Novice: 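First the structure, which I've put down as structure tokens, then a few questions once you've had a look.
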Amino acid sequence: MHNIKYIRDNFDEFKKKIQNRNVNFDLDKLRNLDIKNRELIHKKETLEKEKKDISKKKDKSLFEKSKIISQQIETITNEQKIAKDELNDILSNLPNVALENVPVGIDETFNEVVSTHGEIKKLDFKPKSHFELGENLKMLDFDLATKTTSSRFVFVKSELASLERAISNYMIDLHTKINGYVEVSPPLIANENTMFGTGQLPKFENDQFELLLDDKLDRKFLIPTAEVILTNMVKNKILNIKDLPIRLVASTPCFRKEAGSYGKDTRGMIRQHQFYKVELVSIVENNKCEEELERMTKCAMMVLDNLELPYRKIILSTGDMGFSAEKTYDIEVWLPSENKYREISSCSSCGTFQSNRMQTRYKDANNENKHPGTLNGSGLAVGRTLIAVMENYQNKDGTINIPKVLQPYMNNKDKISLN
RNA sequence: GGAGAGAUGGCCGAGCGGUUUAAGGCGCACGCUUGGAAAGCGUGUAAAGAGGAAACUCUUUCAUGGGUUCGAAUCCCAUUCUCUCCGCCA
């Protein structure tokens, strides 16, 4: 969420930046509501002062007047509340604005490749897709998941299940032991305010799995990413600057409705309603966001370097970034069966956008309260890493070699084959 | 699930309808003291919003939302959360 004071003071510049995000908002309406809101606040405060003075004097002859003032305050308060709600409604739905060095464009075609890494192996046979490989090995079962649950779920079995767990454990170990993140095992359910804090609500309600509970007042949602619950660990807090940066990592299941992606990636486990992801979150001083974004992206790329998987780093354009982001790098891994790169990680700086929503602050050197920067990134998506390992490490006979760094996590086995 | 108690500044904790402008303590910051430290003494220590160039002024906030009253941290109602005991249970 943006600070209304900032919008007020930098109106034209802000308007242009919002337009770059490829959304259409009536910002003049916002400005008028802000003016109206402040006028009403001023009126209200004048009356409140008057009423307070009467109360202090304890003069019975003024009590009737105080009653009348109370009624006036009530009227103005209601009016002000309407203006404030309308104002907040617009603000809550307004996306973050991009940093200056983000390419401007309306969609993903304006994204730019920053760098490419690793060697794409030349295979002397036609590479199979991960779902062909998995089904032949009898270790991926999509039909069974459809039977027990629905489409876009999968059973991972036997050594592929171990491999998935190995990937997750390897990534957690790397980020805790080498990259300085603290491991967290968080709740997988978030309440409405938490979902608001990171920007999933109110705008993206349709993408979320909501739990049907008896208690209708406090809504609960399955987390679509650990970013939600990890970032909100600092909500409503004033942090000590000495505690920054805070770096957190968690491996959790993620739940997404994938509404609006009908017919997209319907085969295989590229796009599922449930998947594991190792998530990185950083809370930093507000002037260190870009520096931290580079660091975080490196931490994610380190996983692919060590797994010896070919990938490239992309910077997203203003039109393709997520709602809360001010700058985003996607990391895309090479998938031989599709003969193209596919997203395996997304690292974003959200600047102070989320900390404004969460009301997180820290005391800076001058003892002033500042909103910290928040960042999140996949380090990496576990399901998609499994896919990438299967496809890139496949042999002609349908067996899959196990990457060196994962072998210690797999009882030192070096190959997965049909039992 | 049953019964009871509670929620007050960063923390502990007083308060029971009108000098609460939230006592007192701890912690923290600065100063005095000291060869240096500790102790001691002194001073200062919440947030959000509005106005203002600034100094500063004003308003709100005692879990949250309503209500009673000229006036609510204090009384009433609802909700949320915490603790104790019992039951159930991984």
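It should be emphasised that the depicted structure is a prediction, and the values quoted were computed from it without experimental measurement.
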Novice: From CD of A:E368 over to P of B:A29, roughly how many Å is that when rounded to an integer?
Specialist: 19 Å
Novice: Starting from C1' on B:C28, measure out to OH on A:Y362 and report it in whole angstrom.
Specialist: 20 Å
Novice: Between B:A47 atom C1' and A:K370 atom NZ, what is the distance in whole Å?
Specialist: 16 Å
Novice: Which part of the nucleic acid does A:I69 contact within heavy-atom distance under 4.0 Å: base, sugar-phosphate only, or nothing?
Specialist: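 Nothing, no heavy atom under 4.0 Å.
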Novice: Could you walk me through whether A:R219 and A:E205 pass the salt bridge (charged side-chain N to carboxylate O under 4.0 Å, His left out) check?
Specialist: CA-CA 11 Å; A:R219 303 167 73 194; A:E205 192 180 323; 2.7 Å; yes
Novice: For a side chain to side chain contact (heavy atoms under 4.5 Å, CB included) check, start with the C-alpha distance between A:S345 and A:Y329, then their side-chain angles and the critical distance, and finish with the verdict.
Specialist: CA-CA 8 Å; A:S345 170; A:Y329 292 119; over 6 Å; no
Novice: Any strand is fair game: report the nucleotide pairing with B:U34 by Watson-Crick or G-U wobble, both distances under 3.5 Å, or none.
Specialist: none
Novice: Ring centres of A:F14 and A:H2 under 6.0 Å apart?
Specialist: yes
Novice: Using the closest heavy atom to pick a nucleotide of RNA chain B for each, name whichever of A:K242 or A:I4 lands nearer the 5' end.
Specialist: A:K242
Novice: How many whole angstroms separate atom CZ of A:R219 from atom C1' of B:U80?
Specialist: 17 Å
Novice: Quote, to the nearest angstrom, the P distance that separates B:A7 from B:C12.
Specialist: 12 Å
Novice: Going by purine N1 to pyrimidine N3 plus the second Watson-Crick contact, or the G-U wobble pair, all under 3.5 Å, which nucleotide sits opposite B:A29?
Specialist: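 Result: B:U43.
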Novice: Find the distance A:Y6:OH to B:G49:P and express it as a whole number of Å.
Specialist: 17 Å
Novice: Heavy atoms under 4.0 Å is the rule here; annotate nucleotides 65-78 of chain B 5' to 3' with B where the base is hit, S where only the sugar-phosphate is, and - elsewhere.
Specialist: -----BS-------
Novice: Any side-chain N or O of A:R38 below 4.0 angstrom from OP1/OP2 of B:G49?
Specialist: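 Answer no for this pair, as no side-chain N or O of A:R38 is under 4.0 Å from OP1 or OP2.
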Novice: Would you say the ring centers of A:H371 and A:Y362 fall short of 6.0 Å from each other?
Specialist: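 Between A:H371 and A:Y362, the centre distance exceeds or equals 6.0 Å.
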Novice: Using purine N1 to pyrimidine N3 plus N6-O4 or O6-N4 for Watson-Crick, or N1-O2 and O6-N3 for G-U wobble, both under 3.5 Å, which nucleotide pairs with B:C88?
Specialist: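 Per the H-bond distance test, none.
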Novice: Using atom C1' in both nucleotides, what's the gap between B:U45 and B:G9 to the nearest angstrom?
Specialist: 10 Å
Novice: Any sub-3.5 Å donor-acceptor pair from A:R21's side-chain atoms to A:L94's backbone N or O?
Specialist: no
Novice: Reading nucleotides 58-63 of chain B 5' to 3', which nucleotides get B (base under 4.0 Å from a protein heavy atom), which S (sugar-phosphate only), which -?
Specialist: BBS---
Novice: Verify side chain to side chain contact (heavy atoms under 4.5 Å, CB included) between A:I416 and A:L137, making sure each step is shown before the conclusion.
Specialist: CA-CA 9 Å; A:I416 293 175; A:L137 287 165; 4.3 Å; yes
Novice: Does the side chain of A:L248 come within less than 4.5 Å of A:L280's, by heavy atoms?
Specialist: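 No. Closest side-chain heavy atoms not under 4.5 Å.
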Novice: Under 6.0 Å from the ring centre and within 45 degrees of the ring axis: does the NZ or CZ of A:R31 meet both conditions for the six-membered ring of A:F11?
Specialist: yes
Novice: Counting just side-chain N and O atoms, does A:N369 come under 4.0 Å of either OP1 or OP2 of B:A47?
Specialist: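 So the side chain of A:N369 is within the cut-off, an N or O lying under 4.0 Å from OP1 or OP2 of B:A47.
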Novice: Which value, in whole Å, describes the distance between the C1' atoms of nucleotides B:G67 and B:G17?
Specialist: 16 Å
Novice: Do A:F323 and A:F353 have ring centroids that are under 6.0 Å from one another?
Specialist: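 So the answer is yes for these two rings.
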Novice: Look through every strand shown and name the nucleotide pairing with B:C70 as Watson-Crick or G-U wobble, where both distances are under 3.5 Å.
Specialist: B:G18
Novice: Would you mind pulling out the nucleotide paired to B:C58, Watson-Crick or G-U wobble, both distances under 3.5 Å?
Specialist: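 Base-paired to B:G49.
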Novice: Quick check on B:G27: syn or anti? Syn means the glycosidic torsion is within 90 degrees of zero.
Specialist: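 You should classify B:G27 as anti.
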Novice: Is B:G65 paired to anything, Watson-Crick or G-U wobble with both distances less than 3.5 Å, and if yes, which nucleotide?
Specialist: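 For B:G65, the partner nucleotide comes out as B:C77, under the 3.5 Å rule.
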Novice: With rounding to the closest Å, how many angstrom separate the P atoms on B:C62 and B:U21?
Specialist: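 It comes out at 13 Å once rounded to the nearest Å.
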Novice: Roughly how many Å is it from CD in A:Q359 to P in B:A48, rounded to a whole number?
Specialist: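 My rounded result for the distance is 9 Å.
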Novice: Please report, rounded to the nearest Å, how far the C1' atom of B:G51 is from the CG atom of A:D34.
Specialist: 14 Å
Novice: Would you say B:G10 has OP1 or OP2 under 4.0 Å from some side-chain N or O of A:R361?
Specialist: no
Novice: Would you measure the distance from the P atom in B:A73 across to the matching atom in B:U59 and give it in whole Å?
Specialist: 14 Å
Novice: What does B:A23 pair with, Watson-Crick or G-U, if both distances are under 3.5 Å?
Specialist: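 Partner of B:A23: none.
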Novice: With rounding to whole Å, what would you report as the distance between B:U8 and B:U82 at their P atoms?
Specialist: 14 Å
Novice: When we call it a touch if two heavy atoms are under 4.0 Å apart, what does A:K363 touch: a base, just sugar-phosphate, or nothing?
Specialist: sugar-phosphate
Novice: Taking it one step at a time, do A:M301 and A:I331 satisfy side chain to side chain contact (heavy atoms under 4.5 Å, CB included)?
Specialist: CA-CA 8 Å; A:M301 294 194 301; A:I331 298 167; 3.5 Å; yes
Novice: Quick one: which residue pairs count as a side-chain hydrogen bond (donor to acceptor under 3.5 Å, both in side chains) with a foot in residues 151-170 of chain A, not counting sequence neighbours?
Specialist: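 Listed by first then second residue: A:E159-A:K413, A:S168-A:S251, A:Y170-A:N306.
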Novice: Rounded to whole angstroms, how far apart are CG on A:L40 and C1' on B:G51?
Specialist: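 Going from CG in A:L40 over to C1' in B:G51 covers 15 Å.
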Novice: I'd like the C1' distance from B:A72 over to B:G65, given in whole Å.
Specialist: 15 Å
Novice: Taking the P atom in each of B:U80 and B:G87, what is the distance between them to the nearest angstrom?
Specialist: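 Those two atoms are separated by 26 Å.
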Novice: Determine yes or no for a side-chain-to-main-chain donor-acceptor pair under 3.5 angstrom, with A:N22 supplying the side chain and A:G319 the backbone.
Specialist: no
Novice: Does B:C83 have a Watson-Crick or wobble partner in any strand here, with both distances under 3.5 angstrom, and which is it?
Specialist: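 Pairing partner: B:G4.
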Novice: Does OP1 or OP2 of B:A50 have a side-chain N or O of A:K5 closer than 4.0 Å?
Specialist: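 The answer is yes; a side-chain N or O of A:K5 sits under 4.0 Å from OP1 or OP2.
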